[in-house]
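This report concerns only the one structure given below.
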Amino acid sequence: MTAQANVGVVGLAAMGASLARNLAHHGNTVAIYNRTPKRTDTLMEQHGDEGAFVPSYTLQDFVDSLIPPRTAIIMVKAGEPTDEMINALADLMQPGDIIVDAGNAYFPDTMRREKEIRARGLHFVGCGVSGGEEGALKGPSMMPGGTEESWQTLKPILESIAAKAEGEPCVTHIGANGAGHFVKMVHNGIEYSDMQLIAESYDLMRRGLGMSANEIGDVFEQWNKSELESYLIEITADVLHEQDKTTGKPLVDIILDHAGMKGTGTWTVQTALSLGVPVTGIAEAVFARGLSSQTALRQGAQAIDFAGPDGSLQLSEQERESFIEDIRHALYASKIVAYAQGFNEITTAAQEYDWKIDLAAVARIWRGGCIIRAKFLNRIAEAFESGQAETSLLFAPYFKEAIEQAQASWRRVVARAAQYGIPTPVFASSLSYFDGLRADRLPAALIQGQRDYFGAHTYQRVDKEGTFHTLWAEEGRPEINA
Ligand SMILES: NC(=O)C1=CN([C@@H]2O[C@H](COP(=O)(O)OP(=O)(O)OC[C@H]3O[C@@H](n4cnc5c(N)ncnc54)[C@H](OP(=O)(O)O)[C@@H]3O)[C@@H](O)[C@H]2O)C=CC1
Ligand SMILES: O=C(CO)[C@H](O)[C@H](O)COP(=O)(O)O
């Protein structure tokens, strides 16, 4: 096999095939390989004329078809299959070659893999890719980690295939080793939060206001012309407007109400717990998916028929219109909180793992191609660029004002939902997070007192330096320096 391809793709399922085609559309000569030959044949039969592809049916031929220093992008099933493929490629490749894992990997795996592959003299780049199958084909947002040296080789290739937002390619070098996959993981966590907030808004309108799926689709279509303009709002309108071909009912009524998940949201929350960063909106979004899929539990609750409100808000026509506006404001405020929490997680991880992550650049590459692309990411980028969001996105004047303006609506939505029995875990937890931040004094003081009481865990005082312990069991409960 003659070396003729400047880049290769291993794994030609939905994502890999689209990425290979995107690369070919942009003037690259693309080596392709898939474990099962059928996928390679299908790509060649259906799209072989779209650009320069070099198909291989053995991994050795695939590697031989790449021009040194070789660049191979892996797009296979996450987990063990990815490890197997990395090792098989590393056995055949040479020092200086680059292996890119573009799948959804858990960042500690990426850090481990990078270390192992670097020890063998090769470069390993964990690259988050977002945008689904269509994004991979027409322009994804990409979040590569790895060394600066490998970035210099990958930059022109990735920039050519990335989505463009206001003319800028939606790809940047995120940082060393696992930084790229870390940021992609948080992207997905925010995606979970965004999706759950949209679902809660839908539920409030559907059950709370008795609107049809089609009417709610129209509302989302309108909202997509506001500060909420985003891919997820846009596709929500499409999904809600869709009729089931068999029954003629709204498709959303025919789809089983069990939300699936492949793990990235859970990783975001597990990591945040380890780092001690509250990502309450994302956590509630993960738990909401979990609850939706607890079939036996939910059926059991239906069977015992708990007493409580049925979710109907019973509002007048005028009140309904104003409540829909309240929901829009609550959605925007809660969305801002989700992004603020996600960026806080990135900041904390960057300190922990010594990554130099440019948060404004992250916001900019999320403006196009990815699932959470949204108009307001321009504002987020500006807030980080100006230094106004260093501690929290919520502290930047634009977002402070946005949250303050939305606040009354946000409170009405959460209060009404609780009163009438519609679950709004992300709306409510985001508001609680905001109120927790605002409070000059938190009940955590009481918790410290309790901890000291049962476990001699000590506490600090507001009026003097030092660490103290009350001898709770002794006469007069004297306080000592601990
Ligand atoms: N789908 C999406 O929207 C997105 C997916 N991703 C990530 O991209 C990656 C690819 O996703 P997707 O295209 O959906 O495909 P899948 O995750 O469904 O994986 C299928 C591909 O993996 C290959 N594969 C599975 N096991 C092995 C193995 N042991 N050795 C070699 N190859 C193996 C399959 O080969 P074969 O044909 O032989 O079975 C096939 O090419 C995943 O990591 C996913 O998490 C990232 C962003 C979005
Ligand atoms: O990475 C993605 C988008 O950014 C994938 O679509 C991922 O599958 C979404 O996560 P989940 O399947 O858990 O909803």
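Values below: every heavy atom of this structure, side chains too, minus hydrogens, waters and symmetry copies. Note that the numbering runs from 1 along the sequence shown for the chain. Note that ligands are numbered from 1 as they come in the structure, with each ligand's atoms numbered from 1 the same way.
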Task: atom 38 (O) of ligand 1 protein-contacted (non-hydrogen atom, under 4.0 angstrom) - done: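 For atom 38 (O) of ligand 1 the answer is yes, since some protein heavy atom falls inside 4.0 Å.
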- [ ] Take atom 6 (O) of ligand 2 and look for protein heavy atoms under 4.0 Å from it; say yes if you find one, no if not.
- [x]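 No, there is no protein heavy atom closer to it than 4.0 Å.
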Classify the side-chain pair [X]/[Y] by whether it contains a donor and acceptor separated by less than 3.5 Å.
{"X": "D326", "Y": "S409", "value": "yes"}
{"X": "E382", "Y": "N378", "value": "no"}
{"X": "N344", "Y": "Y339", "value": "no"}
{"X": "Q341", "Y": "E345", "value": "no"}

For [atom], what's the nearest protein heavy atom and its distance?
{"atom": "atom 26 (N) of ligand 1", "result": "P81 CB, 3.4 Å"}
{"atom": "atom 23 (C) of ligand 1", "result": "V76 CB, 3.8 Å"}
{"atom": "atom 3 (O) of ligand 1", "result": "G132 CA, 3.5 Å"}
{"atom": "atom 46 (C) of ligand 1", "result": "N104 ND2, 3.5 Å"}
{"atom": "atom 4 (O) of ligand 2", "result": "E191 OE1, 2.9 Å"}
{"atom": "atom 12 (P) of ligand 1", "result": "M15 CG, 3.9 Å"}
{"atom": "atom 1 (O) of ligand 2", "result": "K184 NZ, 2.8 Å"}
{"atom": "atom 19 (O) of ligand 1", "result": "K77 N, 3.4 Å"}
{"atom": "atom 10 (C) of ligand 1", "result": "M75 O, 3.7 Å"}
{"atom": "atom 13 (O) of ligand 2", "result": "Y192 OH, 2.5 Å"}
{"atom": "atom 12 (O) of ligand 2", "result": "K262 CG, 3.5 Å"}

Open item on the list: With heavy-atom distances below 4.5 Å as the criterion, would you say the side chains of K356 and D354 are in contact?
Closed with: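 In short, these two side chains touch, coming nearer than 4.5 Å.
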Aromatic rings [X] and [Y]: how do their planes relate, parallel, tilted or perpendicular, breaks at 30° and 60°?
{"X": "Y353", "Y": "F107", "result": "perpendicular"}
{"X": "W366", "Y": "H187", "result": "perpendicular"}
{"X": "H173", "Y": "W151", "result": "parallel"}

Element-labelled atoms of ligand 1 that are located less than 4.0 Å from some non-hydrogen atom of [X]:
{"X": "V129", "answer": "46 (C), 47 (C)"}
{"X": "M85", "answer": "31 (C)"}
{"X": "L12", "answer": "41 (O)"}
{"X": "A13", "answer": "13 (O), 15 (O), 20 (C), 21 (C), 40 (C), 41 (O)"}
{"X": "G11", "answer": "41 (O)"}
{"X": "G103", "answer": "7 (C), 8 (O), 9 (C), 43 (O)"}

Can you sort out which atoms of ligand 2 are near [X], meaning under 4.0 Å from one of its heavy atoms?
{"X": "I371", "result": "3 (C), 4 (O)"}
{"X": "N188", "result": "1 (O), 2 (C), 4 (O)"}
{"X": "N104", "result": "1 (O), 2 (C)"}
{"X": "S130", "result": "4 (O)"}
{"X": "M261", "result": "13 (O)"}

Do ligand 1 and [X] have nitrogen or oxygen atoms that lie under 3.5 Å from each other?
{"X": "A102", "answer": "no"}
{"X": "E133", "answer": "no"}
{"X": "K184", "answer": "no"}
{"X": "R35", "answer": "yes"}
{"X": "K262", "answer": "no"}

Could you see which bit of [X] sits under 4.0 Å from ligand 1, with heavy atoms only: side chain, backbone, both or neither?
{"X": "E80", "result": "neither"}
{"X": "V10", "result": "neither"}
{"X": "E84", "result": "side chain"}
{"X": "R39", "result": "side chain"}
{"X": "N34", "result": "side chain"}

TODO: For side chain to side chain donor-acceptor pair (under 3.5 Å), just list the numbers for S150 and T147, CA-CA rounded to whole Å, side-chain angles, deciding distance to a tenth of an Å, and then say yes or no.
DONE: CA-CA 5 Å; S150 50; T147 59; 2.8 Å; yes
Open item on the list: With a cutoff of 4.0 Å, is R289 in contact with ligand 2, counting heavy atoms of the residue only?
Closed with: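 Contact present.
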Open item on the list: In this structure, does ligand 2 have an atom that sits under 4.0 Å from one of the heavy atoms of G265?
Closed with: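 The answer is no: ligand 2 sits nowhere under 4.0 Å from a heavy atom of G265.
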Basic-acidic side-chain contact under 4.0 Å: [X], [Y]:
{"X": "R112", "Y": "D109", "result": "yes"}
{"X": "R328", "Y": "E227", "result": "yes"}
{"X": "E168", "Y": "R367", "result": "yes"}
{"X": "R70", "Y": "D64", "result": "no"}

TODO: Kindly confirm or rule out a cation-pi arrangement of R289 over Y192, judged by NZ or CZ under 6.0 Å from the six-membered ring centre and within 45° of its axis?
DONE: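 R289 over Y192 ring: yes.
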- [ ] Could you give me the CA-CA distance, side-chain angles and deciding distance for K184 and N104, then say whether side chain to side chain donor-acceptor pair (under 3.5 Å) is met?
- [x] CA-CA 8 Å; K184 173 67 198 323; N104 272 336; 2.8 Å; yes
- [ ] Could you tell me if the ring centre of W410 sits under 6.0 Å from that of H329?
- [x]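 Ring-ring flag for W410/H329: false, centres at least 6.0 Å apart.
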Open item on the list: Donor-acceptor check, side chain of T424 to backbone of E200, threshold 3.5 angstrom: yes or no?
Closed with: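 No; judged by distance alone, with no hydrogens or angles, the pair does not exist.
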Task: Expected output: side-chain H241 to main-chain D218 donor-acceptor under 3.5 Å - done: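 Yes; judged by distance alone, with no hydrogens or angles, the pair exists.
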Quick one: side chains of residues 1-16, donor-acceptor pairs under 3.5 Å with protein atoms, not counting sequence neighbours, listed by atom name and distance.
from: Q4; atom 1: NE2; to: T2; atom 2: O; distance (Å): 3.4
from: N6; atom 1: OD1; to: T29; atom 2: N; distance (Å): 2.8
from: N6; atom 1: ND2; to: N28; atom 2: OD1; distance (Å): 2.8

Task: Shortest non-hydrogen separation from M93 to D97 and the atoms involved - done: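 That closest heavy-atom pairing would be CB-OD2, 3.4 Å.
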